[in-house]
Amino acid sequence: MSKTNDNHITRQWHIIQYLISLDNYVSSETVFQHLQAQGIAVKDVRTIQRDLNSLAEIFPIECRKDDKPYSWRWRRVDNNWSYAPLIAL
């Protein structure tokens, strides 16, 4: 696997973990700052926005579009479902 793909997967994995750990919506800028603080190389906030849009097509990620900047969170689900298997990966 190429270094670019490794970085892309690592970045998106960190985004997923970060959203799961939160209770509230966060902006793309906040996600960007979090990744930088974790030492994850990110070109710009637009990269994070693209990642979030892509991830939201696959995972239960919600985007609040009623205000700008848009904000994101991991969708809340009923208490019978667990994120533990996903987090354990």
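In what follows, residues are counted from 1 in the order of the sequence shown.
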>> Would Val42 and Asp51 count as a side-chain contact (heavy atoms from CB on, under 4.5 Å) here? Give the steps.
In response: CA-CA 11 Å; Val42 183; Asp51 283 344; over 6 Å; no
> Under a 4.5 Å cut-off applied to non-hydrogen side-chain atoms, are Ser28 and Val45 in contact?
Replying inline: yes
> Between Asp44 and Arg46, is the closest basic N to carboxylate O distance under 4.0 Å?
Replying inline: no
>> I need the single residue from Trp74, Trp72, Tyr25 that forms a side chain to side chain donor-acceptor pair (under 3.5 Å) with Glu62. Which is it?
In response: Tyr25
> How long is the gap from CG on Asn53 to CD1 on Ile48, to the nearest 0.5 Å?
Replying inline: 11.5 Å
> Distance from Ile16 atom CD1 to Ser21 atom OG, nearest 0.5 Å?
Replying inline: 12.5 Å
>> So which atom in Arg73 and which in Asp23 form the shortest heavy-atom distance, rounded to 0.1 Å?
In response: NH1-O, 4.5 Å
>> Please report the interatomic distance CD(Gln12) to CG(Asn7), rounded to the nearest 0.5 Å.
In response: 11.5 Å
Determine all donor-acceptor pairs shorter than 3.5 Å in which one atom belongs to a side chain in residues 29-40; sequence neighbours excluded.
| from | atom 1 | to | atom 2 | distance (Å) |
| --- | --- | --- | --- | --- |
| Glu29 | OE2 | Gln33 | NE2 | 3.0 |
| Thr30 | OG1 | Ser27 | OG | 3.0 |

> Taking the side chain as C-beta and beyond, is there a heavy-atom pair between Ile15 and Ile61 under 4.5 Å?
Replying inline: no
> Would a 4.5 Å heavy-atom cut-off, applied to side chains only, mark Arg11 and Thr47 as touching?
Replying inline: yes
>> Under the rule for side chain to side chain contact (heavy atoms under 4.5 Å, CB included), what residues qualify as partners of Lys68, not counting sequence neighbours?
In response: Tyr70
